[in-house]
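Report on the following structure.
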Amino acid sequence: MNYWLVKTEPETYSFDKLLSDKKTIWDGIRNYQARNYLKDMKKGDWVLVYHTGSAKEIYGIAKVMKPAFPDPADTEWFAIELAPVQKLKSAVPLTKIKTDTKLNSMVLLKNSRLSVQPVTTSEFDRIIELSEKH
DNA sequence: GCCAACGTTGGC
DNA sequence: GCCAACGTTGGC
């Protein structure tokens with residue numbers, strides 16, 4: 001089981017929208033590095049959902065329902081199907097991630113433009129730990 | 001709204 | 001194959 005992080009602009013597609021939709025096709029990825037990570041996703045992998053823009057926080061957890069398949073809009077690229085697992089009890093803001101010694105080597109900070117990225121088990125566990133505090 | 005940090009495109 | 005110009009992302 002692997003862990004990932006995907007970014008979304010909440011004004012465009014938020015985690016709350018995913019909760020109400022029950023599942024969604026995560027498509028439109030047009031970056032080769034991101035595409036390669038998409039193709040590595042397996043059914044059942046967990047995916048942190050990060051809100052960009054004014055939010056800048058990890059907001060919820062989703063899981064991979066269908067591994068990579070050709071993006072219907074452009075079959076050169078790939079898409080996956082995601083379903084919500086749960087909204088984090090409290091979102092973990094970027095500012096917290098930057099200052100947390102267990103999180104400050106996350107790809108999120110090192111490669112801020114990458115929209116699909118791997119997360120280590122210890123990073124994932126730490127995010128969950130922080131989200132349970134108030 | 002600005003711009004740094006990328007990624008892509010296309011002329012050479 | 002190099003790299004200047006351009007486009008995009010996303011934090012500030």
Side-chain angles (χ1 to χ4, degrees):
Chain A
M1 160 111 124
N2 288 307
Y3 299 102
W4 309 94
L5 180 147
V6 298
K7 294 180 185 175
T8 184
E9 186 84 42
E11 286 76 16
T12 305
Y13 193 90
S14 66
F15 186 81
D16 289 328
K17 182 70 164 60
L18 177 59
L19 279 173
S20 64
D21 286 351
K22 311 285 195 235
K23 62 178 183 178
T24 195
I25 303 297
W26 206 265
D27 59 4
I29 303 298
R30 295 292 181 272
N31 170 285
Y32 287 104
Q33 208 181 343
R35 186 186 77 165
N36 290 339
Y37 287 131
L38 267 190
K39 289 170 76 174
D40 286 341
M41 289 187 183
K42 302 282 188 287
K43 182 176 163 67
D45 282 356
W46 280 20
V47 181
L48 297 170
V49 177
Y50 177 82
H51 282 172
T52 60
S54 57
K56 291 187 277 295
E57 59 192 15
I58 297 174
Y59 191 87
I61 308 168
K63 65 180 172 182
V64 178
M65 303 305 287
K66 280 186 194 163
F69 54 89
D71 188 328
D74 183 349
T75 54
E76 294 287 305
W77 297 93
F78 289 87
I80 52 165
E81 186 179 301
L82 288 181
V85 173
Q86 65 181 71
K87 182 174 165 177
L88 293 182
K89 193 169 172 184
S90 59
V92 178
L94 183 64
T95 50
K96 182 72 190 171
I97 294 167
K98 279 186 174 172
T99 56
D100 192 283
T101 53
K102 292 176 181 166
L103 296 177
N104 61 17
S105 60
M106 283 185 77
V107 179
L108 185 66
L109 304 180
K110 291 189 165 178
N111 190 350
S112 66
R113 294 185 52 193
L114 187 61
S115 59
V116 178
Q117 52 188 259
V119 172
T120 66
T121 303
S122 61
E123 287 165 351
F124 185 87
D125 291 346
R126 180 61 175 160
I127 294 290
I128 299 307
E129 187 182 352
L130 291 175
S131 74
E132 286 167 352
K133 293 179 181 174
H134 286 287

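Since the structure is predicted, the reported quantities are computational estimates derived from the model, not experimental observations. Chain letters run A, B, ... following the sequence lines, proteins first, then strands; residues in each count from 1.
We find that CD of A/Gln33 is positioned 6 Å from P of B/dG7, with the value rounded to whole Å. Put simply, CZ on A/Arg35 is 15 Å from P on B/dG7, counting in whole angstrom units. As rounded to whole Å, 17 Å separates atom P of C/dT9 from atom CG of A/Leu5. A straight line from OH of A/Tyr32 to P of B/dT8 spans 7 Å, rounded to a whole angstrom.
Residue pairs meeting the ring pair (Phe, Tyr, Trp, His ring centres under 6.0 Å) criterion with at least one partner in residues 14-36 of chain A, sequence neighbours excluded, are A/Tyr32-A/Trp77.
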Which atom pairs link the protein and nucleotides 10-12 of chain C when you take only N or O atoms and keep those under 3.5 Å?
residue: C/dG10; atom: OP1; partner: A/Lys7; partner atom: NZ; Å: 3.3
residue: C/dG11; atom: OP1; partner: A/Tyr50; partner atom: OH; Å: 2.9
residue: C/dC12; atom: OP1; partner: A/Lys98; partner atom: NZ; Å: 2.1

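Under a 3.5 Å cut-off, the side chain of A/Thr75 and the backbone N or O of A/Pro70 do not form any donor-acceptor pair. Between the side chain of A/Ser112 and the main chain of A/Leu109, no donor-acceptor pair closer than 3.5 Å is present.
Classified by interplanar angle (parallel below 30°, tilted 30° to 60°, perpendicular above 60°), the ring pair A/Tyr3/A/Trp46 is perpendicular.
Under a 4.0 Å N-O distance rule, the pair A/Asp71/A/Arg30 qualifies as a salt bridge.
Contact check for A/Leu108 versus A/Glu123: no side-chain heavy atoms found under the 4.5 Å cut-off.
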